[in-house]
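Because the structure is predicted, anything quoted here is derived from the model rather than measured. Here is the naming used below: chain letters follow the sequence lines, and residue numbers restart at 1 for every chain.
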Number of protein chains: 2
Amino acid sequence: MLIRVDPSSETPIFAQVAASVRADAAAGRLRSGDRLPSAREVAASLGVNLHTVLRAYQLLRDEGLVDMRRGRGAVATDAVEPLARLHHDIEALVARARTLALSPDALAALVKETYR
Amino acid sequence: MLIRVDPSSETPIFAQVAASVRADAAAGRLRSGDRLPSAREVAASLGVNLHTVLRAYQLLRDEGLVDMRRGRGAVATDAVEPLARLHHDIEALVARARTLALSPDALAALVKETYR
DNA sequence: AGAACTGTTCTAGTATTTATAGAACAGTTG
DNA sequence: CAACTGTTCTATAAATACTAGAACAGTTCT
């Protein structure tokens, strides 16, 4: 599992880390039972603080996507499987948005607003 | 045009205001040429600062969704029409996400990450 | 048992972002 | 001219994001 982050983005680092994990789950690269890299590893490889990565992991735990225990690490739950079923729909939507030159932030905000 | 905001939300007010306008455009309630309520009106009715509303309007201007001129106000551009064409796709995606008990923030972040 | 790993919790400080407030300015409309 | 519009400016307070270091408490493997 590779976690990517864009330092120049306005999106908070912790949110980007969580988003990266979710995207891996949706793409099928992270399956139920898979273990995420340790927070200390991720922090070191990204050059960010341990607490920043842990905040992302705790967010994912709050969403039910991972189980966390000390000593054991963070492990993907069954809840990641449904994400994969959304993958095609999301890619289709993104493809259409791209042809309209709509910004990622605007599309994301639109989806979020529609979800309320 | 009615602009709604949820004070208990973690999303910044200016972002919610912009999202509300985009949602109206996507739903066809705001069409090209329509004038948005003045920033001072919106600020007064929401009980927030004028600058907060203006920041939202300027964000929409940066996205090309509205034209702004002093004295004249903010007017929706042709760019709002394509949003309406995404409406069905977004609603379908949101409907599926709802059955999966996925949080709005998580879905929005997933869409944004997929868009990169 | 012991060593090496894991997340958890705590205090602390700095930088950035958000939101507020008020005033003055400069176009547009009636 | 009067009343409206967004624009620009300075200022301040509050919340959030990020970093830093240390200690703690489970798990895994040798």
Do side-chain atoms of [X] reach the backbone of [Y] as a donor and acceptor pair under 3.5 angstrom?
X        : Y       : answer
B:Tyr115 : A:Ala97 : yes
B:Gln16  : B:Thr11 : yes
B:Asp89  : B:Leu86 : no

Inset, instruction - Assess the side chains of A:Thr77 and A:Asp67: does a donor N or O sit below 3.5 Å from an acceptor N or O? - result: no

Legend entry - Distance-only donor-acceptor check, side chains A:Ser103 and A:Asp105, under 3.5 Å: no

Legend entry - Closest listed nucleotide, where the reference is the side chain of B:Met68 and the choices are C:dT18, D:dT7, C:dT8: D:dT7

Legend entry - Minimum-distance nucleotide (side-chain atoms of A:Arg61 versus C:dA21, C:dT8, D:dT5): C:dT8

Legend entry - N or O in side chain of A:Thr52 less than 4.0 angstrom from D:dC18 OP1/OP2: no

Inset, instruction - Ignoring backbone atoms, establish whether B:Arg40 has a side-chain N or O less than 4.0 Å from OP1 or OP2 of D:dC4. - result: no

Inset, instruction - For B:Glu41, answer base if it contacts any base atom (sugar-phosphate contacts may also be present), sugar-phosphate if it contacts only those atoms, and nothing otherwise; contact means non-hydrogen atoms under 4.0 Å. - result: sugar-phosphate

Rounded off to whole Å, could you give me the [atom1]-to-[atom2] distance for the [X] and [N] pair?
X       : N      : atom1 : atom2 : result
B:Phe14 : C:dT20 : CZ    : C1'   : 15 Å
A:Asn49 : C:dA15 : CG    : P     : 16 Å
B:Tyr57 : D:dG6  : OH    : P     : 7 Å
A:Gln58 : D:dT16 : CD    : P     : 16 Å
A:Glu10 : D:dA17 : CD    : C1'   : 14 Å
A:Asp67 : C:dT8  : CG    : P     : 11 Å
A:Ile13 : C:dT17 : CD1   : P     : 12 Å
B:Leu50 : C:dC25 : CG    : C1'   : 14 Å

Inset, instruction - Might you point out which heavy atoms bring A:Arg116 and B:Arg98 nearest each other, and give the distance in Å? - result: O-NH2, 4.4 Å

Legend entry - Heavy-atom protein contacts under 4.0 Å, nucleotides 25-30 of chain D, coded B base, S sugar-phosphate only, - none: BBSS--

Inset, instruction - Side-chain contact test, heavy atoms from C-beta onward, threshold under 4.5 Å: evaluate it for B:Lys112 versus A:Leu107 and give yes or no. - result: no

Legend entry - base_contact_polar (D:dG6 base, B:His51 side chain, donor-acceptor, <3.5 Å): no

